[in-house]
Number of protein chains: 2
Amino acid sequence: MGSQIPLLFNIKPSSGVPIYKQIMEQINRLVISGFLKAGDELPSVRQAASYLEVNPMTISKAYSLLEATSVLERVRGKGMIIAHDRRRTHDLDKRIEFLKPALIEAATQANQLALPRETILKLFSELLEEYTHE
Amino acid sequence: MGSQIPLLFNIKPSSGVPIYKQIMEQINRLVISGFLKAGDELPSVRQAASYLEVNPMTISKAYSLLEATSVLERVRGKGMIIAHDRRRTHDLDKRIEFLKPALIEAATQANQLALPRETILKLFSELLEEYTHE
DNA sequence: ACATATGTATCATTAATATAATACAGCAAT
DNA sequence: ATTGCTGTATTATATTAATGATACATATGT
């Protein structure tokens, strides 16, 4: 039942970004990267809600919106799976565009903090290792 | 009257992060970096509100909360200035701690997108140049 | 004195987000 | 058939964020 998949979700309740959006964005990333493939099962609404300690309807909202954009498919009585969408691509350019906003935000903050270029790059390089997937 | 200072504010209304928090965080960064020094004048509530196209009370809320944490001082009839706080430091370590959340977020997203390390680092390096302060 | 600038208090209103407690239709396995 | 899973609809409530329209005390410059 995709029992370990909830571990892929990281929620920052204090960030200000709505929880359902955080979930949507993460699933979107895992799909266009290929980590999640067509047919893969997602954690159930109640599992994810319990794991993340949020309301089930918050998870359902994220799933429903992703279904509306053909990222997920609802299988009645079973749960949600990654949609079989033949038009889906995994272009490097597309993935880079998804990442850009976060990089721009980090770069802007770094410059506002007057941090030396090499210090930032070294730290970021380390964090890329530390927060590796799987 | 600090007329060009509003240009230091970047607001992303669609980010989900409350506007008043975005403003607070930016001022905090500009202060601990030293870009803004004790006594420097901030744009007036109405100037900033007009420039950012938000409600004046939203700016006032950010200013008031920054006054409560001794980052700003209110000068009656004049406006807000950077507080004269002798305890203020500009440690590199402190500035790095301020930046870390944004770097961690970017690193997490990059890995969820399965982007090659070198590609990310090169792009980030370019963005650090592009989004330079001043 | 007067006009103009400052931040802020006050009121009402709107929108978005999240929670809580139920309830229901659909499917699978026993 | 019953049990136990799915996702979701419903209703109500609370909180937070932002806007709009005034209004006020305070200070500055003329």
Side-chain angles (χ1 to χ4, degrees), chain A residues 1-6 9-27 39-83, chain B residues 1-6 9-27 39-83:
Chain A
M1 289 195 188
S3 48
Q4 76 276 33
I5 291 191
F9 296 160
N10 295 27
I11 299 300
K12 294 184 187 175
S14 63
S15 77
V17 180
I19 297 171
Y20 78 94
K21 274 191 188 171
Q22 294 184 43
I23 295 171
M24 289 179 66
E25 289 166 3
Q26 285 187 74
I27 294 178
D40 283 356
E41 299 173 351
L42 268 76
S44 80
V45 160
R46 290 171 180 80
Q47 276 181 344
S50 167
Y51 177 78
L52 297 175
E53 296 177 300
V54 297
N55 193 284
M57 290 308 297
T58 303
I59 309 290
S60 179
K61 183 175 184 179
Y63 282 6
S64 298
L65 290 171
L66 287 171
E67 187 192 9
T69 53
S70 302
V71 175
L72 300 184
E73 273 177 30
R74 194 173 74 241
V75 184
R76 294 186 178 273
K78 292 268 298 183
M80 306 296 282
I81 63 172
I82 306 299
Chain B
M1 290 194 187
S3 51
Q4 76 275 33
I5 291 191
F9 296 160
N10 296 26
I11 298 301
K12 294 185 187 173
S14 63
S15 76
V17 181
I19 297 172
Y20 78 94
K21 274 190 188 174
Q22 294 184 43
I23 295 172
M24 288 179 67
E25 289 166 2
Q26 286 186 74
I27 294 179
D40 283 357
E41 298 174 350
L42 269 76
S44 81
V45 161
R46 290 171 181 81
Q47 275 181 345
S50 166
Y51 177 77
L52 298 175
E53 294 176 301
V54 297
N55 192 284
M57 288 310 296
T58 303
I59 310 290
S60 179
K61 183 176 183 178
Y63 282 6
S64 297
L65 290 172
L66 287 170
E67 186 192 10
T69 52
S70 301
V71 175
L72 299 184
E73 271 178 31
R74 195 173 75 242
V75 184
R76 295 186 178 272
K78 291 269 298 184
M80 306 295 282
I81 62 172
I82 308 298

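Letters A, B, ... are given to chains in the order of the sequence lines, protein chains preceding strands, and every chain is numbered from 1.
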S.K.: Once you build an axis from the first five pairs and another from the last five of the helix from C:dA1-D:dT30 to C:dT30-D:dA1, how far apart in angle are they, to 10 degrees?
M.R.: 10°

S.K.: Round to a whole Å and report the spacing from CZ of A:Arg74 to P of C:dA25.
M.R.: 15 Å

S.K.: Between A:Gln22 and A:Ser15, which heavy-atom pair has the shortest distance, and what is it?
M.R.: NE2-OG, 3.3 Å

S.K.: Is the side chain of B:Ser64 donor-acceptor paired with the backbone N or O of B:Ser60 at a distance under 3.5 Å, no angle test?
M.R.: yes

S.K.: Grab the N/O contacts between the protein and nucleotides 12-19 of chain C below 3.5 Å, and write none if there aren't any.
M.R.:
{"from": "C:dT17", "atom 1": "OP1", "to": "A:Tyr20", "atom 2": "OH", "distance (Å)": "2.9"}
{"from": "C:dT17", "atom 1": "OP2", "to": "A:Tyr20", "atom 2": "OH", "distance (Å)": "3.1"}
{"from": "C:dA18", "atom 1": "OP1", "to": "A:Ile19", "atom 2": "N", "distance (Å)": "2.3"}
{"from": "C:dT19", "atom 1": "OP2", "to": "A:Asn55", "atom 2": "N", "distance (Å)": "2.8"}
{"from": "C:dT19", "atom 1": "OP2", "to": "A:Thr58", "atom 2": "OG1", "distance (Å)": "2.8"}

S.K.: Apply side chain to side chain contact (heavy atoms under 4.5 Å, CB included) to B:Asp40 and B:Ile81, showing your working.
M.R.: CA-CA 5 Å; B:Asp40 283 357; B:Ile81 62 172; over 6 Å; no

S.K.: Please report the C-alpha distance between B:Tyr20 and B:Val54 in whole Å, then the side-chain angles of each, then the deciding distance to 0.1 Å, and finally whether the side chain to side chain contact (heavy atoms under 4.5 Å, CB included) criterion is met.
M.R.: CA-CA 10 Å; B:Tyr20 78 94; B:Val54 297; over 6 Å; no

S.K.: What's the shortest heavy-atom distance between A:Tyr51 and A:Phe9, and which atoms?
M.R.: CE2-O, 4.4 Å

S.K.: Does a side-chain N or O from B:Ser60 land closer than 4.0 Å to OP1 or OP2 of C:dG7, or not?
M.R.: no

S.K.: Provide, to the nearest angstrom, the distance between the CD atom belonging to B:Gln47 and the P atom belonging to C:dT4.
M.R.: 16 Å

S.K.: So B:Glu67, base contact, sugar-phosphate only, or nothing? Heavy-atom distance under 4.0 Å.
M.R.: sugar-phosphate

S.K.: Please lay out, stage by stage, how B:Leu65 and B:Thr69 fare under the test side chain to side chain contact (heavy atoms under 4.5 Å, CB included).
M.R.: CA-CA 7 Å; B:Leu65 290 172; B:Thr69 52; over 6 Å; no

S.K.: Under the side chain to side chain contact (heavy atoms under 4.5 Å, CB included) criterion, do B:Val17 and A:Val17 qualify, and how do the steps go?
M.R.: CA-CA 6 Å; B:Val17 181; A:Val17 180; 4.2 Å; yes

S.K.: Can you measure B:Arg76 atom CZ to C:dT4 atom P for me and round it to whole angstrom units?
M.R.: 23 Å

S.K.: In whole Å, I'd like the distance from the OH atom of B:Tyr63 to the P atom of C:dA5.
M.R.: 17 Å

S.K.: Rounded to the Å, how far apart are A:Met80 CE and C:dC27 C1'?
M.R.: 15 Å

S.K.: Does OP1 or OP2 of C:dA5 have a side-chain N or O of B:Ser44 closer than 4.0 Å?
M.R.: no

S.K.: Rounding to a whole Å, what distance do you find between A:Arg46:CZ and C:dA21:P?
M.R.: 14 Å

S.K.: Give the minimum heavy-atom separation between A:Gln26 and A:Asn10, together with the two atoms involved.
M.R.: NE2-O, 2.6 Å

S.K.: To the nearest Å, how far apart are A:Leu66 CG and D:dG7 C1'?
M.R.: 14 Å

S.K.: Measure the shortest side-chain to side-chain distance between B:Leu52 and B:Ile19 over non-hydrogen atoms and say whether it is less than 4.5 angstrom.
M.R.: no

S.K.: Picking from C:dG7, D:dT6, D:dT28, which would you name as closest to the side chain of B:Lys78?
M.R.: D:dT28

S.K.: Rounded to whole angstroms, how far apart are CD1 on A:Ile59 and C1' on D:dT6?
M.R.: 15 Å

